[in-house]
Amino acid sequence: MSRSQGNAKGRTVTLHMVSSLDGFIAKKDNSVAWMESGGVYEAGVSISAEEIATFLKAIDCYVMGSRTYEHALELGWPYGDTPTVVVTSRKLSASRESVEFYSGDLERLVDVKLAPRFRNIWLVGGAALCQSFLSLSLVDEIRLTIAPVLLGDGLRLFGGLVAEKRWDLKNVVAFKNGFVELSYAAST
Ligand SMILES: NC(=O)c1ccc[n+]([C@@H]2O[C@H](COP(=O)([O-])OP(=O)(O)OC[C@H]3O[C@@H](n4cnc5c(N)ncnc54)[C@H](OP(=O)(O)O)[C@@H]3O)[C@@H](O)[C@H]2O)c1
């Protein structure tokens, strides 16, 4: 979705995370090797670096919880210069100009702070913040990338109190590296 698009609310909040087959988004030791490709699925598609760059350019801003922020800094910050809002109640220091911090009401964050400035808003974790967004019905789309691995233990993607809610499947993409991306829109 380009910057000029958005839904009837004028913005789209897309929850995106990578999950294991058994529904974990992080290991207890926070290692991330499980997210790397292992096998080859011949019938899958592959995407070029240019296609990835074009896709990422269409994301207007990222939103993340403070623990995801701290881990992303350790990993080398994969979010470039795209505006990023980190939700925290602590006084953290901004590591980059593109990062700002927010504390307080999440509906206000989306409707008052973000929607007037951004259309294509990506909520990129972690589990705690995503569960808060889902509980408040602030998520319009879910994109789950399923890694071909069972972890057995770790941080559950939807482990908290998420009420029953239907989502409409919009797209499925199987990649050559064995990962599968499932896209859903909130059922109306
Ligand atoms: N597999 C993936 O795609 C993926 C994606 C993202 C993250 N992760 C992993 O997930 C882990 C982090 O997830 P997590 O669930 O532990 O933490 P998180 O959601 O990243 O961050 C939780 C923190 O965010 C703040 N927060 C969350 N909801 C809030 C609210 N409603 N109001 C104010 N502050 C709020 C609080 O910060 P303060 O405590 O600072 O107040 C809270 O401690 C990391 O290991 C990360 O690498 C994986």
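Note that the numbering runs from 1 along the sequence shown for the chain. Atoms within a ligand are numbered from 1 in the order they appear, just like the ligands themselves. Given the structure is predicted, the values throughout are model-derived calculations rather than measurements.
For a heavy-atom separation below 4.0 Å, the residues in contact with ligand 1 are Met17, Val18, Ile25, Ala26, Asn30, Met35, Gly65, Ser66, Arg67, Thr68, His71, Val87, Thr88, Ser89, Arg90, Leu106, Val124, Gly125, Gly126, Ala127, Ala128, Leu129, Ser132, Leu155.
A donor-acceptor pair is defined here as one N or O able to donate and one able to accept, closer than 3.5 Å; no such pair exists between the side chain of Ser31 and the backbone of Ala33. In this structure, the side chain of Asp22 does not engage the main chain of Leu150 through any donor-acceptor pair within 3.5 Å.
Ion pairing between a basic and an acidic side chain is recognised when a charged N comes within 4.0 Å of a carboxylate O; Lys113 and Glu107 show no such pairing.
Under the side-chain contact (heavy atoms from CB on, under 4.5 Å) test applied with Cys130, the options Leu15, Leu138, Ile142 reduce to a single match, Leu15.
Using cut-offs of 30° and 60° for the angle between ring planes, the His16 and Trp122 rings count as tilted.
Counting only heavy atoms from C-beta outward, the side chains of Leu75 and Leu73 never approach each other to under 4.5 Å.
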